[in-house]
Amino acid sequence: MRKTPNSTPNIKVAESYHVPVLLDETLDALNIKPDGIYVDCTFGGGGHSKAIVERLSSKGRLIAVDQDADAIRNIPEGEERMLFVHGNFRYLRHYLAYIGVEKVDGILADLGVSSHHFDDPDRGFSFRFDAPLDMRMNAQQKQTAADLLLSETEEELAFIFRNYGELNQPYRIAKTIKQAIEKGLPLRTVNDLISILSPSLFRENDKKNLAKLFQALRIELNDEMGALKDLLRYSRELLADDGRIAIITYHSLEDRPVKNFFRYGNMEGTREVDMYGNVLSPMRPSFKKAVLPSAEEIDRNPRSRSAKLRVGMPNIEE
């Protein structure tokens, strides 16, 4: 963790890296105070962070967190209101304790994978390019997606495909992969994996199922669900009493625990009430329903079409 040095190149946030989704809606939902302290847990291309900083005074602060070292290139040169942390947002409370921050006024997490990751052939996030089966958000992590396929059992792979990809025939897919490994077939690149599964399981250019498969591997490899649940679990203790946490999700696996936590204070959706029927929860949702992108935004940025913004606030009556 370090403050961005003045020698950092002043690189404009490129739209090809990551177009900020639901930007105006998110800024309004966070209710930004000029002198407040805010955290962008998924800095990426810096689109959301840049907009937040523009609303801050010289006393305001933005803590930008990202586990991808590439993101540091998008820190503006000489921006004293911004502090960059290279790490996973699941450890946010430790980062804040280290820099002496007890409470923050707002937390943002955009859980979408940056366009930069999908469009960079070398990262292995997309089935559009033949590349090493990597998919690591943090390049310092040792295990790659290829290593995951080799090390997990058939039952473990089936669980991943069923729960994180919602794929049909998860056991058959897992069995096909493990049998290919036993036969000594190569499994180090994107095309290696596609060749193993085609044509018996995946038809040629079966983009929908390939996207689900790659999503499942990425979520498991980077423990995305575990990180999200850790962030939610500790969000109340990090927020000021009038603070807000805004989370943008892209599929039901992410959206469900966020919705449940904001409504009931737990990820399972268990409703606990007091003797008067009031829900016992440290948080409450700011809006009854998720905020969705407009038709105009979807037209400008098709990758926003599945986005949902949910905002939570501390339940100070709890």
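Computation of the quantities below employed the complete heavy-atom set of this structure, encompassing side-chain atoms and omitting hydrogens, waters and symmetry-equivalent molecules. Along the sequence shown, residues are numbered consecutively beginning with 1.
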Stepwise side-chain hydrogen bond (donor to acceptor under 3.5 Å, both in side chains) test for Tyr95 and Asn88: CA-CA 10 Å; Tyr95 302 148; Asn88 192 307; over 6 Å; no

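- Looking at Glu156, its side chain does come within 3.5 Å of a backbone N or O of Thr153 through a donor-acceptor pair.
- Counting only heavy atoms from C-beta outward, the side chains of Arg55 and Leu27 approach each other to under 4.5 Å.
- His48 places no side-chain N or O within 3.5 Å of a backbone atom of Ala109 that could act as its donor or acceptor partner.
- Of the possible donor and acceptor atoms, none in the side chain of Asp68 sits under 3.5 Å from a partner among the backbone N and O of Asn138.
- Between Lys50 and Asp40, none of the side-chain N atoms (NZ, or NE/NH1/NH2) sits under 4.0 Å from a carboxylate O, so this pair counts as no salt bridge.
- Within a 6.0 Å sphere centred on NZ of Lys103, heavy atoms belonging to other residues, nucleotides or ligands number more than 12.
- Among Asp255, Val311, Leu228, Thr42, the one residue that satisfies the side chain to side chain contact (heavy atoms under 4.5 Å, CB included) test with Ile247 is Leu228.
- Within the 4.5 Å cutoff, side-chain heavy atoms of Ile37 are placed close to those of Ile63.
- Looking at Ser195 and Asp192, their side chains never bring a donor and an acceptor atom within 3.5 Å of each other.
- Considering only heavy atoms from C-beta on, Met225 comes within 4.5 Å of Tyr164 through its side chain.
- Atom CZ in Arg305 sits 8.5 Å away from atom CD1 in Ile298 (nearest 0.5 Å).
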Using the rule given for side-chain contact (heavy atoms from CB on, under 4.5 Å), can you reason through Met137 versus Arg218, listing the C-alpha separation, both sets of side-chain angles and the distance that settles it, and then say yes or no? CA-CA 9 Å; Met137 291 291 187; Arg218 191 199 75 233; 4.0 Å; yes

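- Taking OG of Ser58 as the reference point, atom CD of Glu80 lies at 11.0 Å (rounded to 0.5 Å).
- Looking only at distances, no side-chain donor or acceptor of Glu152 sits under 3.5 Å from a matching main-chain atom of Leu148.
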Would you please test Arg162 and Tyr171 for side-chain hydrogen bond (donor to acceptor under 3.5 Å, both in side chains) and show each step? CA-CA 8 Å; Arg162 182 183 67 247; Tyr171 288 96; 3.2 Å; yes

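- Going from atom CG of Leu309 over to atom OG1 of Thr249 covers 8.5 Å, rounded to the nearest 0.5 Å.
- One finds a salt bridge joining Arg90 and Asp230 here, because a Lys/Arg side-chain nitrogen approaches an Asp/Glu carboxylate oxygen to under 4.0 Å.
- At least one side-chain heavy atom of Val190 sits under 4.5 Å from a side-chain heavy atom of Phe214.
- Looking at heavy atoms from C-beta onward, Leu62 lies out of side-chain contact with Leu83 at the 4.5 angstrom threshold.
- Note: Tyr91 and His94 have tilted aromatic rings, judged against thresholds of 30 and 60 degrees for the angle between ring planes.
- Note on residues 257-269: no pairs pass side chain to side chain donor-acceptor pair (under 3.5 Å), not counting sequence neighbours.
- Asp130 places a side-chain N or O within 3.5 Å of a backbone atom of Asn191 that can act as its donor or acceptor partner.
- Checking side-chain atoms of Arg244 against main-chain N and O of Ala29 turns up a donor-acceptor pair under 3.5 Å.
- Annotation: side chain of Asp110 is not in contact with side chain of Pro20 (no heavy-atom distance under 4.5 Å).
- The distance from the CG atom of Asp105 to the CG atom of Leu239 is 8.5 Å, given to the nearest 0.5 Å.
- Ion pair Asp35/Arg61 not flagged as a salt bridge, since none of the NZ, NE, NH1 or NH2 atoms sits closer than 4.0 Å to an Asp/Glu carboxylate oxygen.
- Using a 4.5 Å heavy-atom threshold, the side chains of Val291 and Lys308 count as separate.
- The structure places CD1 of Ile248 at 8.5 Å from CG of Leu111, a figure rounded to the nearest 0.5 Å.
- With hydrogens and angles ignored, the 3.5 Å screen pairs a side-chain donor or acceptor of Glu297 with a backbone N or O of Leu22.
- Between Arg236 and the options Asn315, Asp241, Ile245, a side chain to side chain contact (heavy atoms under 4.5 Å, CB included) holds for only Asp241.
- A salt bridge links Arg136 with Asp134: the distance from a Lys NZ or Arg NE/NH1/NH2 to an Asp or Glu carboxylate oxygen falls below 4.0 Å.
- Sparse packing is recorded around NZ of Lys175, with 12 or fewer heavy atoms of other residues, nucleotides or ligands lying under 6.0 Å away.
- Side-chain contact between Ser49 and Met82 is present, with at least one heavy-atom pair separated by less than 4.5 Å.
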